[in-house]
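Right, one structure below, let's go through it.
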Amino acid sequence: MNPPTILITGAKGFTGLYLRDAAQKSGLKVVELASNLNNEAALEKEVLAAMPDYVAHLAGISFVASKDHEAFYRVHALGTSNLLQALTKLETVPKKILLASSATVYGNSANHLSVEDQILTPIDHYATSKVAMEEMAKTFFNCLPIVIARPFNYTGVGQKGNFLIPKLVDHFAKRKPFIELGNLNIEREFNDVNMICDVYLKLLDLGKANEIYNVCSGQARSLQFVTDTLKQITGHDIEIRVNPDFVRTSEVHRMVGNPEKLKHLLANNGLSLQVPALETTFKQMLNDSSSPSA
């Protein structure tokens with residue numbers, strides 16, 4: 001009997017590589033989408049050929065500070081619409097389609113922990129394009145089994161150096177005397193990419209269609225906590241300098257989610273949310289950054 005097929009968009013990206021490996025280990029046959037999401041003809045041809053049982057849509061622009069604002073909407077909203085439209089042409093509808101949105105849709109939340117049904121207040125084009133993607137996806141709820149995931153910040157080995165944690169890790173690994181950062185007064189979740197991918201696979205299996213789930217731990221971390229942890233692991237102290245060029249005019253000061261909806265789903269299926277220790281993730285990243293090939 002042939003194993004179920006999962007079609008992954010963005011499979012060559014940071015998260016996609018981890019999800020591909022996790023999916024294969026779970027017994028799924030992985031098909032990586034090669035088409036541009038805005039090439040409707042090629043996209044439809046590839047989707048019809050794949051005949052996926054599951055779809056994980058990760059493709060997108062991951063760098064929030066990108067200056068190409070139009071690209072956010074072209075990829076996140078229109079590209080996702082093209083993908084979903086192509087999926088409606090399949091003779092057999094996939095069992096589940098996961099769309100990776102973003103916790104940035106909450107903006108500066110009035111809630112201590114952001115919950116799925118609160119009012120969304122995006123503060124930049126990246127977040128607004130993700131809201132547009134979600135709202136557009138709802139128009140397919142009547143014909144496709146869609147689950148929307150809102151991941152909070154996460155990291156791991158292989159994440160690009162223009163993201164905060166890899167940049168910090170690299171400076172500590174190389175024992176540099178100082179680092180230039182932007183706004184220091186922020187709180188984030190810094191989860192492990194392996195946790196995110198594990199949850200994505202569980203949502204594809206167990207998630208309820210037409211529902212939105214926070215993918216988070218609910219653990220807030222200050223930038224001071226991150227630097228203190230890296231200092232403790234490496235024994236190296238570092239001077240933090242604020243570079244005005246790195247300070248965004250619009251900044252979400254606290255981005256932490258409520259994981260109760262996700263935990264309830266898992267508990268109903270005899271499972272629990274596995275959250276790797278941040279120190280473990282940092283040690284893996286430090287080892288990779290210090291390796292000769294890094």
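The side-chain heavy atoms of R241 and L181, taken from C-beta on, include no pair separated by under 4.5 Å. V199 places none of its side-chain heavy atoms less than 4.5 Å from the side chain of P151. With contacts defined as side-chain heavy-atom distances shorter than 4.5 Å, the pair T280/Q284 qualifies. In this structure, the side chains of L83 and H57 come closer than 4.5 Å at one or more pairs of heavy atoms. L28 is not listed as a side-chain neighbour of T5, based on a closest heavy-atom distance of 4.5 Å or more. Within the 4.5 Å cutoff, no side-chain heavy atoms of L7 are placed close to those of E32. Using a 4.5 Å heavy-atom threshold, the side chains of N243 and D245 count as touching. For the pair V147/I97, no side-chain contact is recorded, criterion being any heavy-atom separation below 4.5 Å from C-beta on.
With hydrogens and angles ignored, the 3.5 Å screen pairs a side-chain donor or acceptor of D124 with a backbone N or O of A127. At distances below 3.5 Å, not a single donor-acceptor pair connects side-chain atoms of T155 with backbone N or O atoms of I165. One N or O on the side chain of T229 and one on the backbone of F225 form a donor-acceptor pair closer than 3.5 Å. Panel note: side chain N214, backbone N258; a donor-acceptor pair is recorded below 3.5 Å. At least one donor-acceptor pair closer than 3.5 Å links the side chain of E46 to the backbone N or O of A34. Side-chain N or O atoms of K89 include none that pairs as donor or acceptor with a backbone N or O of L48 at under 3.5 Å. In terms of modelled atom types and a separation under 3.5 Å, the side chain of T227 and the main chain of Q224 share a donor-acceptor contact. R254 places a side-chain N or O within donor-acceptor distance of the main-chain N or O of H112, the cut-off being under 3.5 Å. A donor-acceptor pair under 3.5 Å is absent between the side-chain atoms of K202 and the main chain of L273, judged by distance alone. Judged purely by atom type and a 3.5 angstrom limit, N153 has no side-chain atom pairing as donor or acceptor with the backbone of N191.
Under the 4.0 Å criterion applied to side-chain N and carboxylate O atoms, E189 and R221 are not assigned as salt-bridge partners. The residues R150 and E116 are annotated as not salt-bridged, no charged nitrogen and carboxylate oxygen being separated by less than 4.0 angstrom. Salt bridge D170/K174: present, at least one basic N to carboxylate O contact under 4.0 Å.
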Given the rule in the side chain to side chain contact (heavy atoms under 4.5 Å, CB included) test, do H253 and N108 qualify, once you have shown the distances and angles that lead to the verdict?
-> CA-CA 7 Å; H253 301 293; N108 280 303; 3.6 Å; yes
Side chain to side chain contact (heavy atoms under 4.5 Å, CB included) between V47 and L87, intermediate numbers included | CA-CA 7 Å; V47 165; L87 291 169; 3.6 Å; yes
Starting from the C-alpha separation in whole Å, work towards a yes-or-no answer on side chain to side chain contact (heavy atoms under 4.5 Å, CB included) for L43 and E40.
-> CA-CA 5 Å; L43 178 61; E40 295 177 54; 5.6 Å; no
Run the side chain to side chain contact (heavy atoms under 4.5 Å, CB included) check on L168 and V226 step by step: do they pass?
-> CA-CA 9 Å; L168 277 165; V226 170; 3.8 Å; yes
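Under the 30°/60° scheme for interplanar angles, the aromatic rings of F72 and H76 are found to lie parallel.
Here the straight-line distance linking atom NE2 of H171 with atom CZ of F178 works out to 7.0 Å at 0.5 Å rounding. Expressed to the nearest 0.5 Å, how far OG1 of T9 lies from CG of L33 amounts to 6.5 Å. In this structure, the separation between CG on L230 and CD on E279 is 9.5 Å, given to the nearest 0.5 Å. With rounding to the nearest 0.5 angstrom, the CG atom of D192 is 10.0 Å from the CZ atom of F282. One distance of note links CG of L19 with CZ of F14; it measures 12.0 Å at 0.5 Å rounding. A distance of 12.0 Å separates CG of L184 from CZ of F246, quoted to the nearest 0.5 Å.
Taken together through direct or relayed side-chain contacts under 4.5 Å among Ile, Leu, Val, Met, Phe, Trp and Tyr, I179 and F190 form part of one hydrophobic cluster. Under the 4.5 Å side-chain heavy-atom criterion for Ile, Leu, Val, Met, Phe, Trp and Tyr, V275 and L203 are members of the same hydrophobic cluster. Tracing side-chain contacts under 4.5 Å through hydrophobic residues (I, L, V, M, F, W, Y), one reaches M195 starting from L266; they form part of the same cluster. A chain of hydrophobic side-chain contacts below 4.5 Å, direct or via other Ile, Leu, Val, Met, Phe, Trp or Tyr residues, connects M136 to V55. The cluster map of Ile, Leu, Val, Met, Phe, Trp and Tyr, joined by side-chain heavy atoms under 4.5 Å apart, puts V256 and L164 in different clusters.
The 12-atom threshold is not exceeded at NZ of K208, counting heavy atoms of other residues, nucleotides or ligands nearer than 6.0 Å. Other residues, nucleotides and ligands place no more than 12 heavy atoms under 6.0 Å from the NZ atom of K283. Around atom CD of E260, more than 12 heavy atoms belonging to other residues, nucleotides or ligands sit under 6.0 Å away.
In the model, Q232 has no side-chain atom that pairs as donor or acceptor with a side-chain atom of D228 under 3.5 Å. Of the N and O atoms on the side chains of Q118 and S109, at least one donor lies less than 3.5 Å from an acceptor on the other residue. Under 3.5 Å, the side chains of Y154 and T281 contain no donor-acceptor pair of N or O atoms. When only modelled atom types and interatomic distance are considered, S272 and Q274 share a side-chain donor-acceptor pair under 3.5 Å.
The two atoms that bring S101 and E134 nearest to each other are OG-OE2, 2.6 Å, heavy atoms only. Taking each heavy atom of Y54 and L204 in turn, the nearest pair found is CE2-O, 3.6 Å. Nearest heavy atoms, Y18 versus V157: OH-O, 2.6 Å. Taking each heavy atom of F140 and I146 in turn, the nearest pair found is CB-CD1, 3.8 Å. Closest approach of A100 and K130 over heavy atoms only: O-NZ, 3.0 Å. In plain terms, the two heavy atoms of I61 and Y126 that are nearest each other are O-CE1, 2.9 Å.
For H125, the ring pair (Phe, Tyr, Trp, His ring centres under 6.0 Å) test picks out H69, Y73, with sequence neighbours left out.
The only option from N38, N36, L37 that meets the side-chain contact (heavy atoms from CB on, under 4.5 Å) definition with N82 turns out to be N38.
Y213 carries K261 over the face of its six-membered ring, with the cationic atom under 6.0 Å from the centre and within 45° of the normal.
Through chains of ILVMFWY side-chain contacts below 4.5 Å, V105 is grouped with Y106, L120, I123, V131, F152, V252, M255.
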